[in-house]
Amino acid sequence: MASRIPSLNVLTVFEAAARHLSFKNAAEELCISSPAVSHQIKVLEKQLGVSLFKRLNRALALTPIGQAYYDDIHGAIKQLSVATSKVLDKGE
């Protein structure tokens, strides 16, 4: 069976939203709109077939599966960021 890994873009959006527990703060960090973050999260949830966030009144929380997914991908996203920074620093 072929792997169906979500795009790096959608995973980056999820990681930021999960870390901040805020679509607004994730949007500010990523320089995109809050509705764009919300849309990307909905795309990811549809692709995975699970809810990753509990949308509460004026609050956001991870579901248990969302927390587990965040825990699993956070390190990989951070590692990609560090690797990219190293390359960019060497290019100066």
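Only this structure's heavy atoms are used, side chains among them; waters, hydrogens and symmetry mates stay out.
Residues Ala61 and Leu56 approach most closely at CB-CD1, 4.2 Å, considering heavy atoms. Scanning both residues, Arg4 and Gln47, for their nearest heavy atoms gives O-NE2, 3.7 Å. Between Val37 and Ala17 the shortest heavy-atom distance is CG1-CB, 4.3 Å. Taking all atoms of both residues into account, the shortest heavy-atom contact from Ser34 to Ala27 is N-CB, 3.6 Å.
With no hydrogens or angles considered, no side-chain donor-acceptor pair links Glu29 and Asn25 at under 3.5 Å.
When atom types are taken as modelled, the side chain of Gln40 and the backbone of Thr12 share no donor-acceptor pair closer than 3.5 angstrom. The backbone N or O of Leu80 sits less than 3.5 Å from a side-chain atom of Thr84, completing a donor-acceptor pair.
Residues Pro35 and His39 form no side-chain contact, since every pair of their non-hydrogen atoms from C-beta on lies 4.5 Å or further apart. The closest side-chain heavy-atom distance from Lys54 to Leu62 is not below 4.5 Å. The closest side-chain heavy-atom distance from Leu44 to Val13 is not below 4.5 Å. For the pair Tyr69/Leu48, a side-chain contact is recorded, criterion being any heavy-atom separation below 4.5 Å from C-beta on.
Going from atom CG of Leu52 over to atom NZ of Lys42 covers 13.5 Å, rounded to the nearest 0.5 Å. Atoms CD and CG, on Glu15 and Asp72 in that order, are 12.5 Å from each other to the nearest 0.5 Å. Atoms NE2 and CG, on His20 and Leu30 in that order, are 7.5 Å from each other to the nearest 0.5 Å. Interatomic distance, CD1 of Ile73 versus CD of Gln79, reported as 13.0 Å (0.5 Å rounding). Taking OH of Tyr70 as the start and CZ of Phe53 as the end, the distance is 10.0 Å to the nearest 0.5 Å. Distance check, rounded to the nearest 0.5 Å: CD1 of Ile77 to CZ of Arg19 gives 9.5 Å.
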What's the verdict on side-chain contact (heavy atoms from CB on, under 4.5 Å) for Val82 and Lys86, showing C-alpha distance, side-chain angles and the deciding distance? CA-CA 6 Å; Val82 168; Lys86 286 180 183 178; 3.9 Å; yes
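Residues Ile41 and Val43 fall into different hydrophobic clusters, defined by Ile, Leu, Val, Met, Phe, Trp and Tyr side chains chained together at heavy-atom separations under 4.5 Å.
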